[in-house]
Amino acid sequence: MRILVTGGCGFIGSALVLHLVNDLGHDVCTLDAMTYAANPVSLAPLADNPRHRLVEADICDRAAVQKAFADFKPEAVMHLAAESHVDRSITDPGAFVRTNVIGTQTMLDGARGHYEALPEAERKTFRFLHVSTDEVYGSLPPDAFFTEESRYDPRSPYSASKAASDHLARAWHETYGLPVLVTNCSNNYGPRHFPEKLIPLMILNALEGKKLPVYGDGLNERDWIHVEDHAKGLVAVLERGRIGETYLLGGRAVRNNLAVVKALCAAFDRLRPQGAPHEQLISFVADRPGHDRRYAIDCTKAETELGWRPQKTFEQALEETVAWYLDNESWWRPIREGRYKGERLGLNG
């Protein structure tokens, strides 16, 4: 297939593009604006691969989007490009509305024009997969789980902008007949993750012997899915999902933030024992404004309908993630010394 992937130089996007090209042999056009969180180095293994092309363009740029559709003629779109960090959304919500809402509308319009011009046989197989987050559903009570029927209740500028984009994707299906699929995923972890998020930030702080700042009491719960499991889930939805349906993709690995950081410390004690025990670096800091208490996904629908299920075991894959950062300083060092040095974000809301 020819697949147009937006945000392919980001964390989840790069894992998906590598899987599509290297493992599955698809032709991929990566469309990426190269914002602060994008890293083309993540796709360096594809530099000389004729099955991949990289186009630097903003998904809000209607002319650039239309050109990408006209030049590449995709058989499917996997739309991942988004502003995604809650803390940054507290400081600059407008950037999230622009990219996540206006950008998604621009992509949907581009896809609609392309789809309507296709021959009938190609329209039958074309798909637009919109990739979103479980944060659109708000905060769960203890022991509860999100399903595809959960009520939307976004609590941050980030989750509100993603909720809006989900609604747009479904509306373009209902109003214009665009063959849309929607996924909502839990927290991702794994290699090539921009170090503003919890796990990579803690890894790099531990490497440098710095404090490991945990928000509030550390008991906020998240479901964790390895990025490679997520990438395979997205492909399963694209290939076998029912048009117009939503699929939740989770790792069945609910952990509170403090437990995650302690597991990271244990991995460091084994892999890099200098400075052990690393738990002594844990510190508690002022909580994030509007911090949701619990997210957890019931991914039974995806498992039952698509035959997909997460394969990675959290603690083992977490240690593998730590090892990847230890072995790939050339990937993260330029980020740590340039675009993001590990400072606290989201305090100017």
Side-chain angles (χ1 to χ4, degrees), residues 11-16 18-20 22-24 42 131 133-135 140 142-147 183-195 197-207 212 214 218-237 240 247-273 276-279 282 294-328 331-332:
F11 169 46
I12 301 172
S14 61
L16 175 63
L18 291 169
H19 178 53
L20 290 171
N22 286 340
D23 300 334
L24 303 178
S42 297
V131 180
T133 172
D134 61 356
E135 296 191 37
L140 282 167
D143 301 321
F145 291 85
F146 296 132
T147 72
T183 61
N184 298 84
C185 71
S186 58
N187 281 34
N188 282 234
Y189 69 101
R192 300 180 298 274
H193 200 175
F194 191 82
K197 303 293 179 68
L198 177 67
I199 287 177
L201 177 62
M202 296 299 114
I203 291 173
L204 298 191
N205 277 14
L207 263 172
L212 307 180
V214 176
L219 300 183
N220 300 73
E221 294 179 319
R222 301 293 183 262
D223 179 19
W224 293 92
I225 183 172
H226 192 275
V227 67
E228 293 171 7
D229 278 336
H230 185 199
K232 292 173 183 177
L234 294 176
V235 172
V237 174
R240 300 188 291 280
Y247 295 88
L248 267 56
L249 301 175
R252 296 197 180 278
V254 178
R255 305 286 189 279
N256 66 52
N257 290 344
L258 182 57
V260 170
V261 176
K262 286 185 175 181
L264 278 169
C265 290
F268 260 95
D269 291 347
R270 290 187 291 271
L271 297 173
R272 187 67 64 88
H278 287 85
E279 277 195 28
I282 295 175
R294 173 180 164 87
Y295 307 143
I297 277 181
D298 178 352
C299 48
T300 299
K301 179 178 177 180
E303 292 174 340
T304 302
E305 289 192 16
L306 310 176
W308 167 89
R309 54 184 35 83
Q311 300 297 314
K312 300 279 190 178
T313 302
F314 180 73
E315 278 72 21
Q316 179 182 347
L318 185 65
E319 184 160 324
E320 292 170 358
T321 300
V322 172
W324 186 90
Y325 280 89
L326 292 176
D327 294 340
N328 288 273
W331 185 91
W332 58 261

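Any value given below was found using the heavy atoms of this structure, including those in side chains, with hydrogens, waters and symmetry copies removed. Residues: numbered from 1 along the sequence shown. Keep in mind that this is a model prediction, so the values were computed, not measured.
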Closest contact, heavy atoms only, Ala276 versus Asp269: CB-OD1, 3.3 Å
Quick check on side chain to side chain donor-acceptor pair (under 3.5 Å): which of Lys301, Glu305, Glu303 does Tyr247 satisfy it with? Glu305
Any donor and acceptor pair, going by atom type alone, linking the side chain of Trp224 with main-chain N or O of Tyr189 inside 3.5 Å? no
How long is the gap from CG on Leu204 to CH2 on Trp332, to the nearest 0.5 Å? 5.5 Å
Below 4.5 Å, heavy atoms only, C-beta onward: do Thr321 and His193 meet side chain to side chain? no
CG of Asn205 to CZ of Phe268: how many Å apart, nearest 0.5 Å? 9.5 Å
May I ask you to decide if Leu306's main-chain N or O and Arg240's side chain share a donor-acceptor pair within less than 3.5 Å? yes
Does the structure place the NZ or CZ of Arg252 under 6.0 Å from the centre of the six-membered ring of Phe314, at an angle of no more than 45° from the ring's axis? no
Glu279 CD to Leu212 CG distance, which is reported to the nearest 0.5 Å: 9.5 Å
Backbone of Asn257 reached by a side-chain donor or acceptor of Asn220 within 3.5 Å: no
Check whether any side-chain heavy atom of Trp308 sits under 4.5 Å from a side-chain heavy atom of Leu249, and report yes or no. yes
Do side-chain atoms of Asn188 reach the backbone of Ser186 as a donor and acceptor pair under 3.5 angstrom? yes
Going from CG on Asn184 to OG1 on Thr147, what distance comes out if it is rounded to the nearest 0.5 angstrom? 10.5 Å
List for me each residue that meets side-chain contact (heavy atoms from CB on, under 4.5 Å) alongside Leu271, sequence neighbours excluded, and say none if there are none. Glu319, Val322, Ala323, Leu326
Measure the shortest side-chain to side-chain distance between Glu315 and Arg255 over non-hydrogen atoms and say whether it is less than 4.5 angstrom. yes
Would you mind reporting whether His19 and Val235 have side-chain heavy atoms less than 4.5 Å apart? yes
Report the residues that fulfil side-chain contact (heavy atoms from CB on, under 4.5 Å) with Val214, sequence neighbours left out, ordered by chain and then residue number. Val261, Ile282, Phe284
Taking C-beta and beyond as the side chain, do Leu248 and Asp134 meet within less than 4.5 Å on heavy atoms? no
side-chain contact (heavy atoms from CB on, under 4.5 Å) partners for Asp229, two or more places apart: Ile225, His226, Pro310, Gln311, Lys312
Give, for atom CG of Leu198 and atom CZ of Arg222, the distance between the pair rounded to the nearest 0.5 Å. 9.5 Å
Answer yes or no: is there a donor N or O on one side and an acceptor on the other, between the side chain of Asn256 and the main chain of Glu221, under 3.5 Å? no
Under 6.0 Å from the six-membered ring centre of Phe11 and within 45° of its axis: does the NZ or CZ of Arg192 meet both? no
For the residue pair Asp223 and Val254, establish whether any side-chain heavy-atom pair is separated by less than 4.5 Å. yes
Measure the shortest side-chain to side-chain distance between Thr300 and Phe145 over non-hydrogen atoms and say whether it is less than 4.5 angstrom. no
